[in-house]
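Worksheet: one structure, shown below.
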Amino acid sequence: MNAFVIKGGRVYNPLRGDWKDRDVAVENGKIISGVPRGEYQVIDAAGCVVTAGLIDYHVHYFNHGTENGINPDAASFPCGVTTAVDAGSSGAANYELYRNTVMAMSDVRIFNMLLMASGGQITDQYPERLEEQYFDKKKIKDLFARYPENLVGLKTRMSVGIIAADAAVRSLSATVELADEIGCNVSVHITNPIMDLEEIGRILRKGDVICHMYQGKGAETILDAKGNVRKGLLEAREKGVIFDASNGCNNYDLEVCRQAMAQGFWPDIISSDINTSGFYLQPLHSLPRIMSKYLEFGMSLEDVLDAVTIIPARLLGRPELASMDEGTTADIGIFDIRQKRVVYCDKAGHTLEGSRVIVPQLTMKDGKIMYCQADFT
C-alpha cells in the first residue's frame, strides 16, 4: 500500500515557513489534496511534528570505498534524512566508481561535492594532495558537464598537516577560480586551519560554504582573543558566505559554539559530517541528536528545521525538496520532541546538559515508508 493520510500532526512547511494543523495525504509518491482515491493507510501523528525530509548537507557515504564511509541508508532513514550531500569522499579519479556502486545501490538521495584531490578522502593514514599542481581541472570540468544533476560543489580542506602554509592561499584561490568556470560553489574544511580564517572569508564568494564553523583546534577559531566572533567572518556572512556547523567528532567545540551562539552567530546549515568514527556514536551520534543541541543554545524549532531543510535545499538549487506543498515529492519526516535529560559532549571534554530531544518516528521518501520506530503507528 503506497497511499497514506498522516493525521493529527503539526505540519511545518519549510518552503513557506508556516505551521498548520492539517492532514497530509500521499499518493503515487506525491503530496496530494483531499484523500487518495483508493485504499490508504492512516498514520496517526498526534503530538508530532510533520515536515519535509531532512537534508544532511555534509556526510561521508562512500561505504567500502573509503575508510570513513558508512552505509547511506542506515545513516539516513532512521534519522529522518531523505537527501544527503557527500562532502568530498570522492575526487575526479573515483567519483564514477562511487556513483556506479554505492550510490546506485542506495535509496537515499545523494548529491556530491567533488574533492579537489583526485583520490578523494580514501584513507586517514595520510592526507590527500591539495596543492594546485595536482588538480585535474580538465577532468573535474568534464565530470560536472556530464553529471550536472548530481555534482553540486567543490570541496577542499585548509588544515595543518594536509597542505603547507605557503601553498594554501593559492590552492584555495585556484579552487574558487575553477568553481567560477564551472558555476558551482566551494565548501572549505577549516579544522586546525593552516591559513587565516578571515582571509578564507575574503576569498570565498556568496554561496560558498565554511564548514566546521565551531571547531576549536589549532592556532585560531572563529573567535578572537577576547572571545568575540571575528570581524572578517561577520563580513563574510554579510556578503553571503554560508556557515555550516558540520559537527563531526573532531571538528566541533562546545565552548566555541556556546560563545558564538551567545553573540547570535548561529549556523546557516546544521549538518552531521557523519562517518565511521561518529556513526551513532558520541560525540556525533546522528543529525537529530545534533539538531536537539541547538534547541538548548536558543534556536527556535523553526530555525533548526530550516537549517536542515530549506537553506540547504536552496543552496542545492532544489527548494522543492523542502516543500510540503501539494504536488511535490512526498519526502516526509515525522518527529516527536521529547522532554528528556541528555548530555552533549565534545572531544575536548566540554559538556552541555539538554532537556529536549528530537526523535524521528517515521521517514518517507518518494511516498514510501523507509523507516518507522517500533512503537509508532
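Reckoned from all heavy atoms, side chains included, excluding hydrogens, waters and symmetry mates. Numbering starts at 1 and runs along the sequence shown.
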For the hydrophobic clusters of this structure (ILVMFWY residues joined by side-chain heavy atoms under 4.5 Å, transitively), does one cluster hold both [X] and [Y]?
X      : Y      : answer
Ile110 : Ile122 : no
Ile43  : Val26  : yes
Val152 : Phe243 : no
Ile274 : Met370 : yes
Leu204 : Leu115 : no

Got a second to check how far [X]'s [atom1] is from [Y]'s [atom2], nearest 0.5 Å?
X      : Y      : atom1 : atom2 : value
Ile203 : Glu198 : CD1   : CD    : 12.5 Å
Ile55  : Phe111 : CD1   : CZ    : 8.0 Å
His285 : Ile290 : NE2   : CD1   : 10.0 Å
Gln121 : Asn94  : CD    : CG    : 11.0 Å
Cys79  : Ile358 : SG    : CD1   : 12.0 Å
Ser187 : Met113 : OG    : CE    : 4.0 Å

Mind checking whether [X] and [Y] have side chains closer than 4.5 Å, heavy atoms only?
X      : Y      : value
Tyr147 : Asn112 : no
Leu315 : Ile269 : yes
Met116 : Leu154 : yes
Arg10  : Asp21  : yes
Asp142 : Lys138 : yes
Met261 : Pro267 : yes
Met324 : Glu326 : no
Ile70  : Val59  : no

Q. Less than 4.0 Å between a side-chain N and a carboxylate O, is that true for Asp180 and Arg205?
A. yes

* Salt bridge check: are Glu96 and Arg146 linked by an N-O gap of less than 4.0 Å? -> yes

message = Classify the ring geometry of Trp19 against Tyr12: parallel below 30°, tilted from 30° to 60°, perpendicular beyond 60°.
response = tilted

Practice task
Indicate the ring-plane relationship of Phe297 and Tyr294, choosing parallel, tilted or perpendicular according to the 30° and 60° boundaries.
Solution key: tilted

Closest non-hydrogen atom pair, [X] against [Y]:
X      : Y      : result
Val209 : Asp244 : CG1-CB, 3.8 Å
Ala322 : Asn13  : O-OD1, 3.7 Å
Ile270 : Ala245 : CA-CB, 4.4 Å
Thr309 : Gly53  : CG2-O, 4.0 Å
Ala348 : Asp253 : CB-OD2, 3.9 Å
Asp346 : Glu255 : OD2-N, 4.4 Å

Using residues 327-336 as the side-chain source, report each donor-acceptor pair under 3.5 Å to any protein atom, sequence neighbours left out, with the distance given to one decimal.
from, atom 1, to, atom 2, distance (Å)
Thr328, OG1, Asp325, O, 2.6
Asp331, OD1, Asp366, N, 2.9
Asp331, OD2, Thr82, OG1, 3.4
Asp331, OD2, Arg109, NH1, 2.6
Asp331, OD2, Arg109, NH2, 3.2
Asp336, OD2, Arg338, NE, 2.8

*Without swapping roles, check the side chain of Asn251 against the backbone of Thr191 for a donor-acceptor pair under 3.5 Å.*
no

### Message
Check whether Asn68 reaches the backbone of Asn275 with its side chain - one donor and one acceptor, N or O, closer than 3.5 Å.
### Response
no

Is there a donor in the side chain of [X] and an acceptor in the side chain of [Y], or the other way round, less than 3.5 Å apart?
X      : Y      : answer
Tyr344 : Asn247 : no
Tyr61  : Ser76  : yes
Tyr252 : Asp273 : no

Check your understanding: Is the count of non-hydrogen atoms from other residues, nucleotides or ligands lying under 6.0 Å from Glu149 atom CD greater than 12?
Key -> yes

Answer yes or no: does atom NZ of Lys231 have more than 12 heavy-atom neighbours from other residues, nucleotides or ligands under 6.0 Å?
no

Tested for side chain to side chain contact (heavy atoms under 4.5 Å, CB included) against Leu143, the lone hit among Asp136, Leu151, Asn150 is Leu151

